[in-house]
Asks: 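So that we are looking at the same thing, I have put the structure below in structure tokens.
Labels below follow one simple rule: chain letters A, B, ... track the order of the sequence lines, proteins then strands, and each chain is numbered from 1.
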Number of protein chains: 2
Amino acid sequence: MPDDSRSAELFEQLARIGKAVASPRRIELLDLLCQGERGVEALARAAGMSVTNTSQHLQALREARLVETRREGVRIHYRLADDDVCRFFLSLRDLARSRLAEVERLLAGYLLDDGELEPIGRDELLERARRHDVVVLDVRPAEEYEAAHIAGAVSIPLGELEHRLGELPARAEIVAYCRGPFCLLAPQAVEILRERGFRARRFLDGLPEWRLAGLPVATATEGAP
Amino acid sequence: MPDDSRSAELFEQLARIGKAVASPRRIELLDLLCQGERGVEALARAAGMSVTNTSQHLQALREARLVETRREGVRIHYRLADDDVCRFFLSLRDLARSRLAEVERLLAGYLLDDGELEPIGRDELLERARRHDVVVLDVRPAEEYEAAHIAGAVSIPLGELEHRLGELPARAEIVAYCRGPFCLLAPQAVEILRERGFRARRFLDGLPEWRLAGLPVATATEGAP
DNA sequence: CCAGTATTCCAGCGATTTCTGGAATAATGG
DNA sequence: CCATTATTCCAGAAATCGCTGGAATACTGG
């Protein structure tokens, strides 16, 4: 009982989504877009690829309806079409992690993921942040912090961390977070902080997981007088 | 701050999964494998493609660690590597449905999906089946019924339905199910049954959703004396 | 050990994808 | 309306993918 052409069309449609996530470049763009809206050039810079190429990949993502655009003057901002896309991306990521031994091997290769960083989970972080028991530190680029960050978090992009250590309290425990468990920013931040004598740990997740869990998120830098 | 080569490798790994679901043929194979384990030739027959080609696609799925094999004599059975793969497949399918208008259009084109079939949900079906208030009818090929079916369901593959109507009670309501909401078997069965004067409805989901929800599943035909 | 069957390997081709660099388009600020 | 900037469109070249058909391999049952 071979399938008729009608269901073939359906599988063709599902494969549109599949094709969209079949390229490492597009995966990286999705990863960045999970952090929030961003312009073409900024995406190209963050991903280390040419603007032309970035634009092309973004078209592919748009053709699969995974992203949408918004024009602001001469600039065009891309964003995920909705939260389901982010959720799907995370489930792809988690599947890769659980199925592909190579992923775990690569993560382990960064030396710092296991117990080393004393990772802290969502619930514990929420609880302790509420009691002002820890300082939550966002080490992603400023642009991403502005787009969305954990409510109450301080922003010091990794590149500026060494110069700005003075802004951090010497006593309190610092919890650094970044894009997610596959991102290297927070681990590197923890390493730097510890070398300088701070008590630092890593947040197990990243901003997207926090946001999707419905926990408090803030945008821009409003609130600091 | 362009990403270094280490995270590039990570994205490469994620893309392995993406590439695996970038082909409509492989999507169809995954859909079939969500119903249960199956041999190469059976998969080829069900998907209407050559054995050689099927084998090749299955290799691709195995390379991405989405499927595993089991040898039984001269035959090789393929199965999903674990439930997470099935869950991922369902989330891909649901994302396609919510994001791609074409999918909804195609489903509507089958004429029969809306209120027409009076679809019944998981909880209601479970409740009514428990009270023996409905007959649950599996209209998938016998092979898939044997691999796994809703506990208590009767098997009449769609192709044999017209000849075997006598096996069904004339009074009771019949709920037909198949592979899932994208599958045409149950809708066609409902159509046939109604033409012959039966009261028939469609189950909203398919076997995979039922199984992943932890609801009772049976294998083979054991239990019928 | 041989014949038979199920599956995989392999070469080759046409189609598709990816990246690059240059040209075209769209909105802005004088 | 022109120069500027951001983005997209458009070839063209290299790499990859998907399908086919024939050969090779692996196991079974005699």
Asks: Where along nucleotides 20-30 of chain C does protein come under 4.0 Å, by heavy atom, of base (B) or sugar-phosphate alone (S), with - for untouched nucleotides?
Replies: BBB---SSS--

Asks: Which part of the nucleic acid, if any, lies within contact of A:R26, taking any heavy atom under 4.0 Å across all strands shown: a base, the sugar-phosphate backbone alone, or nothing?
Replies: sugar-phosphate

Asks: To the side chain of A:R75, which of D:dG18, C:dT8, D:dA6 is closest?
Replies: D:dA6

Asks: Check step by step if salt bridge (charged side-chain N to carboxylate O under 4.0 Å, His left out) holds for A:E9 and B:R105.
Replies: CA-CA 11 Å; A:E9 282 179 64; B:R105 190 176 51 71; 5.5 Å; no

Asks: Mark yes or no for whether A:Y177, through its side chain, and A:I150, through its backbone, hold a donor-acceptor pair below 3.5 Å.
Replies: yes

Asks: Report the residues that fulfil side-chain hydrogen bond (donor to acceptor under 3.5 Å, both in side chains) with B:D94, sequence neighbours left out, ordered by chain and then residue number.
Replies: none

Asks: Using a strict cut-off of less than 4.0 Å between a Lys/Arg side-chain nitrogen and an Asp/Glu carboxylate oxygen, indicate whether A:K19 and A:E12 qualify as a salt bridge.
Replies: no

Asks: Just distance, no hydrogens or angles: give the donor-acceptor pairs under 3.5 Å from side chains in residues 205-212 of chain B, sequence neighbours left out.
Replies:
from: B:D205; atom 1: OD2; to: B:R122; atom 2: NH1; distance (Å): 2.9
from: B:E209; atom 1: OE1; to: B:G206; atom 2: N; distance (Å): 2.9
from: B:E209; atom 1: OE2; to: B:R93; atom 2: NH1; distance (Å): 2.7
from: B:E209; atom 1: OE2; to: B:R93; atom 2: NH2; distance (Å): 2.8
from: B:W210; atom 1: NE1; to: B:P216; atom 2: O; distance (Å): 2.8
from: B:R211; atom 1: NH1; to: B:D83; atom 2: OD1; distance (Å): 3.2
from: B:R211; atom 1: NH2; to: B:D83; atom 2: OD1; distance (Å): 3.3

Asks: Under 4.0 Å between a side-chain N or O of A:H57 and OP1 or OP2 of C:dC19?
Replies: yes

Asks: Heavy-atom nearest nucleotide on DNA chain C for B:Y78 versus A:K19: which residue maps closer to 5'?
Replies: B:Y78

Asks: Are side-chain heavy atoms of B:F182 and B:V103 found at a separation under 4.5 Å?
Replies: yes

Asks: When the distance from CD of A:Q59 to P of C:dT17 is rounded to whole Å, what number comes out?
Replies: 15 Å

